[in-house]
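Below is one structure; the comments refer to it alone.
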Amino acid sequence: MEKNLWIIVVLFCHLSVFAQIPAGYYNQANGKSGRDLQQTLSGIIDNHNTVSYSSLWQHFQQTDTKEGVTVWDIYSDNPADTNAYDFVIYDDQCGQVGSGEGHCYNREHTFCQSWFGGGTGAPYSDLFHIYPVDGYINSTRNNYPYGIVISPTRTFSNGSKYGSNQAAGAPSTNAFEPIDEYKGDIARSFFYMATRYMFEDGSFLEQSPMTFKSQLQPWALELFMNWHLLDPVNDKERNRNNAVYAIQQNRNPFIDYPELIGKIWSADSIHPFILDDTATHDRPKIDCFAVKTLQILQLHIDKPMIESTIVNPANYTIQSGNSVESIQYIYDTIYLHLENPLQNGKNYHLIVRNLLAENQYFIKDTSISFMAGMPQDEEIVAMWTFDALEGKPNVPTQIKADVIEVGFATLYMDGSYTSSAFSTSGTNAQLDAFAGTTIGDPRGATANASRSLAITGEQANQNAVVFAFGATGYSQFNLTFACRRTASGFSEHLWEWSIDGDDYQVIDNSNTSPQSVGEFELMSLNLQTIEPLNVADTIYLRLTVDGATSATGNNRFDNVVVHAAKSSGINNYSPQNRELSFNIYPNPAGNVITVEIFGISSSCYQMRCYDLRGKLVCTKHANDAIFDVDFSFLEQGIYIIEIIDENERISAAKKLMIRK
């Protein structure tokens, strides 16, 4: 059931840019990490220009409107569809809240007013945590925390929810859950509050449902760290940050430099924040992700890792109501065995943090969005690796695939099948070749990072390329590729499909332009729900690029792979033939447990036990597949048991609960 990540990117209207980061604004933060970094940032952004609470109505026109007219309400805005209603700035401010949505908008303190001590002082009118929102939804949220709502008692027009809080570790109370597209906005507002007011929180509540004074409770910190990854910074937030700076003369550092969050609150604080760092640190990366079955996720890491961090289930979070039960780690590949099967067709978000490489660099905190439901018999139908591609002026405008399973597979950039006729020579060349990557390359040890295809320059805005390939005998298509964007490169991708090479239809949510700048990211285009493709003899996929802002801005493409299902296919990457599994009982345990190993015939096992911080607390060697272990020396709590088959060099891990 192999499937690569399905990335959902939401397009936002652009606000006017009011200001930029002043030169030297963050210089004092350079080289710092952890609490020292937070304290330094607090000093940079404190003593802002405090505006009056009544003036917020006017300021919202600069900070939270579309085209200066329509209120940008994060509680009712629906980026994926038409809004159920829109508020007009000034005209629709509350007013009577009413008994349902759509009556008026008012001023929402995301960090509740009652949590910081009432209606006075700088927090009362600080725009970085105050948004214009539907008055009815605001009154429903009241002073409840944000959280995860599985069974809502109320669902609002854009999909936001209210009901019992199911976030791990949260207090037993109701909560409000915004839609995914605005979770990061709210999270970064709270990180701002924790930093701006860390030395000015004397009037704050000692403990609110989410905070200790200005600082986040552990469960809320975990929630917002995940939301920050799930919903990265976009132009809406950047432009709002600039607009608020023009008014208050301070900024939200976590919008300007999102990596600051990890440098303060996560394991990445082991390395200091380096301002405008252009050096390529040798961080480990997830260079391949797949849904192997409805209960196994597969990840490949491109660096040797510290195994205790890999086998710790606490380092993996699955949004949408599932969790990791046990972990196998085999030759740099991680198999996450889930407690419950995934639901076909449902969207999920896997968040990976705190994995440490042997070179002492942590993985960049990563969020992977995917849909369950790819058939087990997936095969590669076509693949372009561009390994031998020459640069301008010798880039061909037709490129045959390196793997062609049915008939033909060609990339057209010469006007064929409604592609654009790209220029390859002269000062306005629109095609080039640069260094490539192994990310997304399914060839494993034989993968080659030599070259990538580059579409170059603002002169190529609105140009289109067409991938055409035979499809007879296949269905359930999925396209994956690696992409790298420069700062002035193409920020918008539009994908369309056709079965005749003439009439194309738009693929929804198909902006695959990378979020980050300067590094390859693994992208995916989910085609499974397009039924006409499943019976087509030939498929044409047209990609139109736009948004480049300079003559040298570019996108680089590598390892373009078309995956599909075929009834006779064999999944060569399945771990099932070399699977190690085991039971531990009783679990929960008192002092002694029994370990029973299955699936491998061996005579040399090693058991390792880690606490949840990754510290190795004991080891045991065994020559039998069933053995007992005395844990009477352990304190009550949760531990990770890892079993290693030393002959086969494979391992698996499970949780153990000790109760005294």
Side-chain angles (χ1 to χ4, degrees), residues 35 38 110-112 114-115 141-153 160-178 180 183-184 186-191 193-194 204-231 261-262 264-269 309 311-327 336 338-340 348-355 365-367 587-588 610-615 635-640 654-660:
R35 184 170 175 83
Q38 187 185 11
T110 53
F111 193 114
C112 294
S114 62
W115 300 354
R141 189 241 163 169
N142 200 349
N143 60 358
Y144 290 108
Y146 295 100
I148 302 297
V149 179
I150 304 298
S151 301
T153 56
S160 55
K161 298 176 288 187
Y162 170 81
S164 177
N165 194 356
Q166 300 300 309
S172 180
T173 183
N174 285 337
F176 178 77
E177 181 179 358
D180 289 348
K183 286 177 175 174
I186 291 170
R188 286 178 283 274
S189 292
F190 272 79
F191 290 126
M193 294 293 285
F204 287 37
L205 287 183
E206 288 288 339
Q207 182 174 346
S208 81
M210 298 198 83
T211 59
F212 297 123
K213 288 189 172 288
S214 60
Q215 304 305 299
L216 291 163
Q217 292 188 29
W219 78 267
L221 176 62
E222 183 73 14
L223 177 77
F224 284 148
M225 290 284 284
N226 291 340
W227 283 11
H228 162 67
L229 296 174
L230 178 66
D231 173 31
I261 293 172
I264 295 173
W265 286 286
S266 84
D268 200 32
S269 62
T309 68
V311 300
N312 185 352
N315 292 337
Y316 310 90
T317 301
I318 299 175
Q319 301 283 300
S320 306
N322 209 329
S323 59
V324 175
E325 181 180 49
S326 62
I327 300 167
L336 303 180
L338 308 183
E339 288 189 344
N340 301 300
Y348 291 88
H349 308 283
L350 171 66
I351 295 169
V352 183
R353 293 166 43 201
N354 301 330
L355 306 186
D365 292 352
T366 302
S367 174
N587 189 13
Y610 305 93
D611 64 21
L612 287 182
R613 295 170 296 177
K615 179 181 179 181
E635 297 180 356
Q636 180 170 300
I638 297 176
Y639 297 85
I640 308 302
K654 285 189 175 182
K655 297 179 189 176
L656 170 66
M657 179 176 290
I658 298 292
R659 289 179 179 171
K660 300 293 187 179

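Scope of the values below: all heavy atoms of this structure, side chains included, with no hydrogens, waters or symmetry mates.
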Exercise for the section: Apply the test side chain to side chain contact (heavy atoms under 4.5 Å, CB included) to residues Trp227 and Ile351: give CA-CA distance (whole Å), side-chain angles for both, the deciding distance (0.1 Å), then the verdict. Expected result: CA-CA 9 Å; Trp227 283 11; Ile351 295 169; over 6 Å; no

I want to check something: taking the side chain as every heavy atom from C-beta on, are [X] and [Y] in contact at a cut-off of under 4.5 Å?
| X | Y | result |
| --- | --- | --- |
| Trp219 | Pro171 | yes |
| Gln38 | Trp265 | yes |
| Ile640 | Leu656 | no |
| Glu222 | Leu216 | no |
| Ile318 | Leu336 | no |
| Phe176 | Ser160 | yes |
| His228 | Asp365 | no |
| Thr211 | Phe204 | no |

Mind checking the [atom1]-[atom2] spacing from [X] to [Y]? Nearest 0.5 Å is all I need.
| X | Y | atom1 | atom2 | answer |
| --- | --- | --- | --- | --- |
| Asn312 | Asn354 | CG | CG | 8.5 Å |
| Gln215 | Phe191 | CD | CZ | 10.5 Å |
| Ser114 | Asn142 | OG | CG | 8.0 Å |
| Asn165 | Ile150 | CG | CD1 | 9.5 Å |
| Leu221 | Ile261 | CG | CD1 | 9.5 Å |
| Thr317 | Asn226 | OG1 | CG | 4.5 Å |

inquiry  = side chain to side chain contact (heavy atoms under 4.5 Å, CB included) for Asn322 and Glu339? Distances and angles first, verdict last.
reply    = CA-CA 7 Å; Asn322 209 329; Glu339 288 189 344; 4.2 Å; yes

Do the side chain of [X] and the main chain of [Y] share a donor and acceptor less than 3.5 angstrom apart?
| X | Y | result |
| --- | --- | --- |
| Asn587 | Met657 | yes |
| Arg141 | Thr110 | yes |
| Lys161 | Pro152 | no |
| Gln636 | Arg659 | no |
| Gln217 | Ser208 | yes |

Point to revise | Worked verdict on Tyr316 versus Ile327 for side chain to side chain contact (heavy atoms under 4.5 Å, CB included) | key: CA-CA 10 Å; Tyr316 310 90; Ile327 300 167; 3.6 Å; yes

Over all atoms of both residues, closest heavy-atom pair of [X] and [Y]:
| X | Y | value |
| --- | --- | --- |
| Pro209 | Trp115 | CD-NE1, 3.6 Å |
| Pro178 | Tyr146 | CD-CD2, 4.1 Å |
| Phe212 | Pro218 | CE1-CD, 4.0 Å |

For Leu223 and Glu177: C-alpha separation, side-chain torsions, deciding distance, then whether side chain to side chain contact (heavy atoms under 4.5 Å, CB included) applies. CA-CA 11 Å; Leu223 177 77; Glu177 181 179 358; over 6 Å; no

| field | Any donor-acceptor N or O pair under 3.5 Å, side chains Asp180, His349 | value |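 The answer is yes; a qualifying pair exists.
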
